[in-house]
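Each remark here refers to the structure printed beneath this line.
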Amino acid sequence: MATSAAGSYAAKLTPGAHKGRLNLHEARDPAPVLGPKVQALARLIAESSRTVVLTGAGISTSAGIRDFRGPEGIWTKQRKGEPIVDGVDFTTARPTLAHVALVELHRRGLVKFLISQNVDGLHIRSGFPRDALAELHGNVFAEECRACDKEYVRCYDVDSIGLRATGRACDQCGEALFDKLLDWNDPLPESELRRAEQETKLADLCIVMGSSMQMIPSRGLPQRTLRSGGKIVVLNLSDTHLDKQASVVIRADLDEVMLRLLDALHLPAPINPARRKVLVRSRMGNSPKDCLYLSVDPMNGESLSFIRSVLFSCIGRSMEVSSEPFSVEMLVDEHESKGLDVAVRIAVSSRTQRQVDIPKLMEKVVIEMDAYDDDSKYTDSVQRIRSQIETQDSTPLDTRRAEPSAYFFKSFRQRGFATCALCGEDVHGSGKSRHLSLCVADQR
């Protein structure tokens with residue numbers, strides 16, 4: 001299978017295209033400046049009823065994936081005549097703290113929609129729901145059927161670029177599959193762009209993360225929020241054309257910004273971001289010969305691209321499926337169906353497998369498993385950044401946290417009700433204060 005690091009992806013692109021401003025100067029806000037800026041960002045998010053986030057390559061650099069226009073960026077190095085050097089392979093890259101924090105903010109109702117200019121697939125791998133995500137430039141792991149619009153997100157690079165046929169066929173209708181990875185002159189996917197335009201127009205807050213905002217038409221999306229009366233925030237190490245219009249501009253590493261933001265919102269950093277819930281289904285059909293339907297399905301809108309294969313076993317027969325949808329049909333005799341036991345073995349990698357036994361044809365079983373082998377890099381980064389913040393800031397964590405009453409209740413359309421962003425519980429207006437004090441105490 002082909003490698004899929006940023007450098008090899010860049011090498012596949014048609015040469016000669018204009019790549020914009022390169023070798024961008026990067027700056028970092030000192031801690032005494034950064035802290036108040038993050039507090040201001042937290043207030044904006046809390047006051048917003050519809051926050052949209054737009055991400056660029058900067059969110060993935062701490063995962064070992066190179067950006068394009070920074071001092072060590074791929075295009076910067078290329079212009080200097082230096083060879084394109086790959087960072088970490090996309091297939092082995094792990095979501096960063098910033099990726100994981102966005103999932104948590106979406107789960108809490110604080111981020112409505114995410115627009116990505118990246119092709120590394122880390123937003124999907126982090127567990128961000130696909131129906132709340134627009135991937136404007138494609139995904140090295142994705143291919144689609146143009147006949148029935150089904151999308152497949154693989155655990156491997158589909159090894160194609162330019163919206164070409166990949167050589168595989170749709171499991172649903174049998175038609176050819178095409179990659180979703182854009183070359184320079186390819187049009188942006190209409191449905192993804194339309195959704196991004198709609199969401200930024202409806203948003204009252206648009207946050208740009210890790211992008212110099214030079215790509216067209218992405219660079220114009222935040223202005224749709226401004227024209228609708230909303231605000232924008234820029235989190236990027238280099239300057240952008242949006243800075244003068246932004247309510248807050250933060251120059252800092254995104255992982256640190258997002259950990260500080262979680263602190264300000266009284267939200268803990270997720271402990272096990274690799275954990276996913278998977279639904280294993282089993283049911284009998286009513287055909288002339290009994291048909292056993294088995295499947296492994298996603299929950300919460302998450303992708304199953306982390307699954308390498310699923311082995312379904314029943315009455316001495318086995319069928320292995322190596323791509324979504326992970327489902328099979330098995331013919332069984334009438335007398336066999338009465339006491340059927342099913343085993344489902346889910347392989348995430350060569351080292352990680354999970355077997356589920358379904359006795360007596362239970363209709364469904366919900367299990368938890370890790371989407372990737374090792375999240376120690378994430379855990380280490382949280383500890384390292386936390387230590388760094390404590391060293392830089394003389395104020396304790398409780399002081400860095402913002403006044404909770406300003407943050408944890410989002411207005412409901414029903415009069416007198418609100419939803420707590422800490423626990424998701426609907427609370428009647430008269431019970432807000434008591435609920436808030438108890439919920440914040442639990443978080444501490």
Side-chain angles (χ1 to χ4, degrees), residues 1 91 119 121 123-125 127-136 138-182 186-195 276-314 317-332 342 344-348 356 358 363-366 371:
M1 207 56 75
T91 57
V119 301
H123 283 304
I124 290 179
R125 189 171 296 182
F128 206 97
R130 186 65 180 92
D131 61 1
L133 168 67
E135 293 186 313
L136 296 184
N139 185 327
V140 299
F141 302 107
E143 52 189 338
E144 67 177 347
C145 176
R146 296 176 181 173
C148 65
D149 294 327
K150 183 172 178 59
E151 180 185 60
Y152 296 83
V153 182
R154 311 297 192 183
C155 61
Y156 52 82
D157 182 352
V158 300
D159 197 22
S160 179
I161 191 172
L163 313 180
R164 296 184 172 90
T166 61
R168 287 174 287 272
C170 177
D171 294 328
Q172 189 163 286
C173 69
E175 294 296 319
L177 296 179
F178 294 81
D179 75 74
K180 300 187 70 175
L181 193 59
L182 271 60
D186 291 323
L188 270 64
E190 183 178 349
S191 61
E192 308 270 344
L193 178 58
R194 188 187 310 117
R195 182 77 189 275
R276 301 285 185 274
K277 286 186 177 181
V278 173
L279 184 62
V280 182
R281 299 178 188 266
S282 169
R283 67 180 179 87
M284 292 296 301
N286 296 316
S287 54
K289 278 195 172 183
D290 288 335
C291 189
L292 173 63
Y293 298 92
L294 301 170
S295 67
V296 174
D297 300 315
M299 294 189 67
N300 306 320
E302 296 178 1
S303 168
L304 295 182
S305 59
F306 61 89
I307 295 179
R308 183 170 56 87
S309 64
V310 177
L311 181 66
F312 299 93
S313 301
C314 177
R317 285 168 283 179
S318 297
M319 296 178 67
E320 186 171 19
V321 182
S322 299
S323 63
E324 291 189 73
F326 295 106
S327 60
V328 297
E329 300 178 8
M330 291 183 175
L331 291 177
V332 296
V342 175
V344 179
R345 181 172 296 172
I346 304 172
V348 176
V356 183
I358 310 177
E363 288 190 357
K364 59 183 179 180
V365 177
V366 177

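Below, each value reflects all heavy atoms present in this structure, side chains not excepted, and no hydrogens, waters or symmetry copies.
- Within the model, atoms OG of S313 and CZ of R345 stand 7.0 Å from one another, a figure rounded to the nearest 0.5 Å.
- For E151, the side chain to side chain contact (heavy atoms under 4.5 Å, CB included) test picks out R130, A142, V153, K180, with sequence neighbours left out.
- By the 6.0 Å and 45° rule, R125 stacks over the aromatic ring of F141.
- The closest side-chain heavy-atom distance from P325 to K150 is below 4.5 Å.
- Looking only at side-chain heavy atoms (C-beta outward), L182 and P189 come within less than 4.5 Å of each other.
- Counting all heavy atoms, side chain and backbone alike, C170 lies closest to Y152 at SG-OH, 3.3 Å.
- Looking at residues two or more places apart in sequence or on another chain, you find a side chain to side chain donor-acceptor pair (under 3.5 Å) between E135 and N139.
- Minimum interatomic distance between L311 and S318 (heavy atoms only, all atoms of both residues): CD1-CB, 4.0 Å.
- Listed by chain and number, the residues in a side chain to side chain contact (heavy atoms under 4.5 Å, CB included) with D149 amount to none (sequence neighbours excluded).
- Between R154 and E143 there is a salt bridge, since a side-chain N of the basic residue sits under 4.0 Å from a carboxylate O of the acidic one.
- The line from CG of D157 to CG of L181 is 8.0 Å long, rounded to the nearest 0.5 Å.
- M330 contributes atom CE, which lies 10.0 Å from atom SG of C291 (distance to the nearest 0.5 angstrom).
- Put simply, the side chain of V321 does not reach to within 4.5 Å of the side chain of S327, judged on heavy atoms.
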Legend entry - Evaluation steps, side-chain contact (heavy atoms from CB on, under 4.5 Å), between V356 and V278: CA-CA 11 Å; V356 183; V278 173; over 6 Å; no
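- Within a 6.0 Å sphere centred on CZ of R195, other residues, nucleotides and ligands contribute more than 12 heavy atoms.
- The two atoms that bring S160 and D179 nearest to each other are OG-OD2, 2.6 Å, heavy atoms only.
- Note that the CG atom of L292 and the CZ atom of R283 stand 9.5 Å from one another [nearest 0.5 Å].
- Using modelled atom types, one finds no donor on one side chain facing an acceptor on the other under 3.5 Å when comparing S322 with S309.
- With contacts defined as side-chain heavy-atom distances shorter than 4.5 Å, the pair V158/L177 does not qualify.
- Within the 4.5 Å cutoff, no side-chain heavy atoms of F178 are placed close to those of L163.
- Closest approach of F312 and V344 over heavy atoms only: CD2-CG2, 3.9 Å.
- Rounding to the nearest 0.5 angstrom, the gap separating the CG atom in D159 from the OG1 atom in T166 is 10.0 Å.
- Looking only at side-chain heavy atoms (C-beta outward), D171 and S323 come within less than 4.5 Å of each other.
- Under a 3.5 Å cut-off, the side chain of R164 and the backbone N or O of I161 do form a donor-acceptor pair.
- Shortest non-hydrogen contact noted between L279 and V366 is CD1-CG2, 3.6 Å.
- Under the 3.5 Å distance criterion, the side-chain polar atoms of S295 are left unmatched by any main-chain donor or acceptor of D297.
- The two residues G127 and R276 make their nearest non-hydrogen contact at N-NH2, 3.2 Å.
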